[in-house]
Amino acid sequence: MSQKTLKNLFDNYINSKTLFKDKNALTIKYTPDTVPHRNDQINQIGSILAPALKGDRPSNIFIYGMTGTGKTLVTQYVVGQLKESAASNNVNISLLYVNCKMKRVADTEYRLIAYLAGLLGKKVPPTGLPTDQVYKIFFEALEENKGVVMLILDEIDALVEKVGDEFLYTLTRINQDTDNSKVTIIGISNNLSFTENIDARVKSSLSDEELIFPPYNALQLKDILSERASISFSEDVVMDGVIQKCAALAAQEHGDARRALNLLRVAGELAERQNMEKVTENHVDCAESKIDMDHIIEAVKTQPKQSKLLLKAILSLTDKASDYIYTGDVFDLYVTFCDKVGLKPLTQRRVSDLIAELDMLSIINTKVISRGRHGRTRTIRLALSGKVYSRVTEFLDSEFNI
DNA sequence: AGTCCACAGGAAGGGCAGGCGA
DNA sequence: TCGCCTGCCCTTCCTGTGGACT
């Protein structure tokens with residue numbers, strides 16, 4: 001592209017009519033004024049938390065539901081309203097919200113407690129202190145804090161899976177071990193069978209109250225989308241059927257509202273980029289494959305070098321063999337690749353874990369099988385197809401000159 | 001019925017970088 | 001500076017195992 005045409009492109013962009021009024025309303029950060037189809041849950045959580053307004057400690061709550069069923073949104077909505085009422089009645093309520101999946105922020109016990117202490121205004125170094133020291137700092141901060149503290153632990157299942165449930169036990173004991181503080185823990189989990197694997201003591205105190213958020217159906221998704229679309233798009237931009245299609249696609253995927261909103265937003269962006277005046281169903285189709293593709297490509301790009309090389313070995317083998325390939329073959333080829341690139345190969349044990357990680361990311365599909373005399377192993381198959389496959393191959397080829 | 005393969009995957013611990021207080 | 005602490009990545013060592021083969 002010459003520099004002149006690039007200037008034209010920018011000029012065109014500035015002069016083109018934008019399809020969006022307020023794109024924010026289609027992102028997950030946006031908190032709407034009302035939450036449709038969640039009245040029951042809002043009222044339940046509201047009545048459980050209401051004692052906080054009189055300075056009492058509400059029961060702990062545990063909330064389950066698949067991604068995009070409104071758990072976080074509803075919780076933040078209720079807690080936000082509660083805080084407003086508290087403020088106008090001169091009651092002190094503190095909110096501590098953490099997403100336990102946040103990388104490098106709250107993905108270990110130490111970091112979680114350090115982050116929480118930070119929210120209460122106590123600085124804790126990112127590393128270096130013994131864990132009990134960090135707890136001590138956090139507890140002191142709680143004691144100094146007059147009033148009820150609402151501790152919202154979002155995606156708590158991810159953290160427990162990673163570091164165990166010990167920290168939950170410590171947290172649930174806060175109210176017994178400290179004098180002034182009144183702490184209510186609100187746990188939010190995507191995993192419905194989460195509490196099956198945690199300590200019984202933790203379980204009983206953590207889930208005083210349990211709530212399950214059912215998936216949205218296509219009609220409910222359509223309502224949600226219509227409301228957000230009217231805020232975010234200019235008038236008469238979204239064609240008939242677009243919202244219905246987004247809702248239907250997301251409903252197939254366990255009723256995930258986040259997915260539905262993403263689809264609509266990306267469809268709008270695609271239409272805008274093509275200088276179209278309307279968003280059509282066709283754009284939704286494109287949005288669907290774009291979202292999936294971006295997700296995978298991003299995952300591949302952010303892998304460490306060893307994983308990328310391993311993936312390259314898997315790609316090369318699947319090119320040749322039409323059927324499954326096995327851990328042993330992959331490891332051998334990976335080692336020769338390492339040799340060529342001048343990288344020290346990892347052990348088979350470690351590679352086995354890396355393969356499991358690639359499986360978790362849905363880049364490959366694996367299954368543990370027994371081949372009788374030929375031992376137990378994992379069958380590995382690429383989970384990429386078409387455009388995604390060629391983009392990944394392209395990227396890995398440019399990364400390694402083999 | 002017993003053997004044995006080729007790994008899976010758990011447990012423990014080493015080495016490193018980053019950070020603390022003394 | 002030193003000793004001690006952390007998380008993270010990795011290795012070493014180990015036990016477990018489904019089913020083809022003997």
Side-chain angles (χ1 to χ4, degrees), chain A residues 98-118 121-141 153 155-156 158-171 196-199 299-311 313-314 317-318 321 323-339 341-381 383:
Chain A
V98 208
N99 186 320
C100 303
K101 234 181 174 171
M102 278 196 284
K103 283 249 186 272
R104 320 239 170 263
V105 174
D107 56 350
T108 66
E109 179 178 11
Y110 182 99
R111 286 174 180 164
L112 172 71
I113 305 302
Y115 180 74
L116 291 174
K122 293 272 180 182
K123 268 242 169 248
V124 179
T127 167
L129 297 183
T131 313
D132 43 351
Q133 185 71 26
V134 184
Y135 271 108
K136 209 176 139 215
I137 296 172
F138 176 52
F139 287 174
E140 277 168 13
L153 302 173
E155 310 216 41
I156 193 172
L159 185 55
V160 169
E161 199 172 294
K162 208 173 155 202
V163 303
D165 56 7
E166 198 69 15
F167 78 94
L168 278 177
Y169 180 66
T170 319
L171 284 179
E196 280 171 18
N197 312 318
I198 61 173
D199 191 305
V300 171
K301 280 187 178 168
T302 51
Q303 286 302 300
K305 209 164 190 176
Q306 298 278 11
S307 285
K308 287 180 195 160
L309 203 56
L310 178 66
L311 184 59
I314 294 172
L317 282 175
T318 37
D323 242 2
Y324 294 109
I325 53 174
Y326 303 102
T327 305
D329 306 333
V330 172
F331 181 69
D332 290 344
L333 185 61
Y334 156 78
V335 171
T336 58
F337 277 3
C338 282
D339 215 35
V341 179
L343 215 61
K344 187 169 172 273
L346 301 171
T347 56
Q348 176 154 294
R349 177 69 189 84
R350 180 64 188 141
V351 167
S352 173
D353 279 346
L354 292 184
I355 291 176
E357 279 169 33
L358 290 176
D359 186 22
M360 286 255 290
L361 291 166
S362 298
I363 297 171
I364 55 176
N365 291 321
T366 71
K367 197 176 161 195
V368 177
I369 57 142
S370 173
R371 292 192 294 162
R373 249 293 151 84
H374 305 289
R376 245 160 71 91
T377 181
R378 244 192 304 225
T379 57
I380 301 167
R381 208 165 44 162

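Note that the structure is a prediction, hence the values are computed from the model and not measured.
We find that NZ of A/Lys367 is positioned 14 Å from P of B/dG9, with the value rounded to whole Å. In this structure, CZ of A/Arg350 is placed 15 Å from C1' of B/dA11, rounded to the nearest angstrom. In this structure, CD of A/Gln348 is placed 16 Å from P of C/dC10, rounded to the nearest angstrom. Separating the CG atom of A/Asp353 from the P atom of B/dC7 is a distance of 15 Å, rounded to the nearest angstrom. Regarding A/Phe331, its CZ atom lies at a distance of 9 Å from the P atom of C/dT11, rounded to whole Å. Separating the NE2 atom of A/His374 from the C1' atom of C/dC21 is a distance of 9 Å, rounded to the nearest angstrom. The CD1 atom of A/Ile113 sits 15 Å away from the C1' atom of C/dG7 (whole-angstrom rounding). Rounding to whole angstrom units, CD of residue A/Glu357 and P of C/dC8 are separated by 13 Å.
Both tests pass for A/Arg371 against the ring of A/Tyr326: distance under 6.0 Å to the centre and angle within 45° of the axis.
Mapping A/Arg373 and A/Ile355 onto DNA chain B via the closest heavy atom, the residue that lands nearer the 5' end is A/Arg373. When the nearest nucleotides of DNA chain C are assigned to A/Arg371 and A/Arg376 by heavy-atom distance, the more 5′-ward of the two goes with A/Arg376. Sequence order on DNA chain B of the closest nucleotides to A/Gly375 and A/Thr327 puts A/Gly375 first from the 5' end.
In this model, the phosphate group of B/dA6 is not approached by any side-chain N or O of A/Ser370 to a distance below 4.0 Å at OP1 or OP2. For the OP1/OP2 pair of B/dA8 and a distance below 4.0 Å, the side-chain nitrogens and oxygens of A/Ser352 include at least one atom meeting the criterion. Neither OP1 nor OP2 of C/dT6 sits under 4.0 Å from any side-chain N or O of A/Arg111.
From A/Glu357, atom CD reaches atom CD1 of A/Ile363 across 10.5 Å, with rounding to the nearest 0.5 Å. A distance of 4.5 Å separates CD1 in A/Ile355 from OG1 in A/Thr327, rounded to the nearest 0.5 Å.
Of all the heavy atoms in A/Ala383 and A/Ser362, the pair that sits closest is CB-O, 3.4 Å.
Counting only N and O atoms by type, the side chains of A/Arg381 and A/Thr366 include no donor and acceptor under 3.5 Å apart.
Residue side chain A/Arg378 does not reach the base of B/dG9 through any donor-acceptor N/O pair under 3.5 Å, judged by distance alone.
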